[in-house]
Peer 1: 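One structure follows; several queries about it will come next.
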Amino acid sequence: MWCAIYWLCLLAVGYGVAAPLLNSRSRLERFGLAACLGPGVLGLLLIAVSMLGLRPRAPVIFLIAAIFALVAMFYRSPDAEKFQKSLPAPRWLLFVCFLAIAYGIFIVATDALIYPAVEWDAFAIWQLKGKILAGLALHPKPSYFFDVSLSYSHLRYPILVPMISAGIHALTGQLNDELGKTPFFLMYLGLGAAIFSAVNRRRGQSAALIATALILTTPVMLAYAGAGTADLALTAFYACSILCILRWQENQRIGDLLLAFIFTVCMAWTKNEGLPIGAINCFVLIVLTPKPLATRHLMKSVGFTILFVVLYLPWFRYIHYLPRTDENYSQRLNPSEIMSHVDRIPAILGGMAANAVDPQTWGIFWFVLIAVTILQWKRILSPPILTLWILLLLQLVPYLAAYMVVSNWNLDELLSVSAGRLLMHLTPAAALLIGWQWPGALRLSPSPRTQGEGVAV
Amino acid sequence: LTPARATPTIAAGLTPQAPILNPPENGRKICIFVIAAAAALVSFGMVLRTDIQKRFFSLHSDNAAAGMAVIDQKLSDAAQGEGLYLQFKGFAISRDLLCDFPSQVYARGVFTLYPNRVLVGDPAKPVASGEDLVAGNFDPDPAWLNQYRIHGILRYTWDNNLGSYSTYTWRIVGSPQSTK
């Protein structure tokens, strides 16, 4: 029951933040964005409260949820952009997609709601921090952050995901090993809804179902989505951020830019990888905005970037004096260090490619992306497709650089344990590319019944 | 889909129609669709088969889940609601923290017994890997343990001949309160 109450609080916050910023959207898209926004915004607010010296407590959570629920009720914009029908999609294919999505939801639900945290990263890092943050405020700094005998738990890792988990511990008033993972099932549903809505809007239901089923059922996603690690959260935030960036490119509405900004900040507070990906979002916003040199757009994009940096500064300052016992990427990621390990590039690319083509890890997810891209190569220069490809390829750059400078790990070992999860962060852009390039929009003759169905990108 | 074409129709809640295709072009599109659909089906089949096999038919995953429950129970029994010191004897420690049994037990202990403390050596020394853990692991005396209000000790001993480990639990006499 506490799980359901916490979900309602998360959704109230998500809808409350999204309502004033969204214009006409389908219900499913609203749900998808709200299910990802809620945990992110509530987590950030609880971190702010905790930094002021108050640990997360049920009354604080209820108060925040109530305020945002009122905002959500106040801003009720009409639903629009109903599901599009697309032609022709064999029923058996859609049935298979439904089955795959249902299987994914079932598996992630059981992992998140029933089983205890058994994934190493989940219990050693994220859920442990969640327990600590539930019991202690961030000010004064808990002794945990100075306890080097717990170095394996990465003392300096960002704390948004642990704070989301801490919220449910605070709500129940006890540390429950099973409950800490439950919010991420909501984010899994939100990720699926957001991807479906985005693809459905341009390419119709069949392409949307296929793209959604592909992203929700990759073995990596099934393994980590309900495990209680930060990878699902980062993937979901990233998916929503690029959807909002693409909307901004399309119509230059400030609401979409603000939503993209919130999701980008959430990414940086979720994992270290979120920081470079957030920087890529800023870069894409500035460079690929329509009429990028127009003062109005340029100011907004630059303002986005400056605010992103400003909102990350509190955590940067917080960890400044903490002991550093793990890999110091920020110090090693400099041109001379990178250039001195250029010889690692073939091994890194080979390792990542080997992971991507491993059928036990990905099936043929990446082959499907390449196949539809080759089949629909004429569409590659259309703005949203081009933007997604740029995002996808740019995202590989910081990962490549991090692997190049790593010193505490054997490169092969590190690739074997991390490449799958890093590629998982790329899946939203890949799934959107699959969906938007899916060859489903065709019809034989115009008819009133099919008006509005299928969109040629 | 250029913004100039898309914006007016989308703002009106509509989407533009797909182009009307002539039969040869439509045939090509259908071929593309069939190929893409087949690829998607193969992908679903492969990933679901892998996942179902791993979750429901793999002995390894069952053992991992069951093994974790055994470790949790052992840790809880040894700690009896307080802190715990973990000793490891005879374990070959690899550099890889993830594959390292003592590291798994330590991290699991810290997680399940929190807020009670779990130690494997001097808490001032970093434990970032299995190597660190074993290098700093020692036989503590009761006075040292009392400093950290720990009474329980759980020892894991690896037997190379048997290829398995045994455990031994004991508690030191006297409570932290009584030593103060």
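Just the heavy atoms: all of them, side chains too, but no hydrogens, waters or symmetry mates, feed the values below. In what follows, chains are A, B, ... by sequence order, proteins preceding strands, each numbered from 1.
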Peer 1: Considering only heavy atoms and a distance below 4.5 Å, find which of Ser151(A), Pro323(A), Ser153(A) pairs most often with chain B.
Peer 2: Ser151(A)
Peer 1: With chain B as the partner, which of Ile434(A), Val372(A), Asp147(A), Leu99(A) has the greatest number of non-hydrogen pairs under 4.5 Å?
Peer 2: Asp147(A)
Peer 1: What distance do Phe111(B) atom CZ and Leu175(A) atom CG have between them, rounded to the nearest 0.5 Å?
Peer 2: 9.0 Å
Peer 1: Got a list of side-chain donor-acceptor pairs under 3.5 Å for residues 210-223 of chain A, not counting sequence neighbours?
Peer 2:
unit_1    : atom_1 : unit_2    : atom_2 : d
Thr212(A) : OG1    : Ala208(A) : O      : 2.6
Thr217(A) : OG1    : Ala213(A) : O      : 2.5
Thr218(A) : OG1    : Met221(A) : N      : 3.4

Peer 1: To check you understand the geometry: which heavy-atom pair defines the closest contact between Arg117(B) and Ser149(A), and what is its length?
Peer 2: NH2-OG, 4.3 Å
Peer 1: Under the rule for side chain to side chain contact (heavy atoms under 4.5 Å, CB included), what residues qualify as partners of Asp412(A), not counting sequence neighbours?
Peer 2: Asn410(A)
Peer 1: Side chain, backbone, both or neither: which part of Leu155(A) has a non-hydrogen atom closer than 4.5 Å to chain B?
Peer 2: neither
Peer 1: So does Tyr168(B) have more than 12 non-hydrogen atoms from other groups sitting under 6.0 Å from OH?
Peer 2: no
Peer 1: Heavy-atom distances under 4.5 Å only: say whether Phe123(A) touches chain B with side chain, backbone, both or neither.
Peer 2: both
Peer 1: Hey, is CZ on Phe146(A) packed in by over 12 heavy atoms from elsewhere, all under 6.0 Å?
Peer 2: yes
Peer 1: Look at atom NZ of Lys74(B) and say whether more than 12 heavy atoms of other residues, nucleotides or ligands are closer to it than 6.0 Å.
Peer 2: no
Peer 1: I need the Tyr114(B) OH to Ile132(A) CD1 distance, nearest 0.5 Å.
Peer 2: 5.0 Å
Peer 1: Is atom OH of Tyr144(A) surrounded by more than 12 heavy atoms (other residues, nucleotides or ligands) closer than 6.0 Å?
Peer 2: yes
Peer 1: In Å, rounded to the nearest 0.5 Å, how long is the span from CD of Gln104(B) to OH of Tyr152(A)?
Peer 2: 10.5 Å
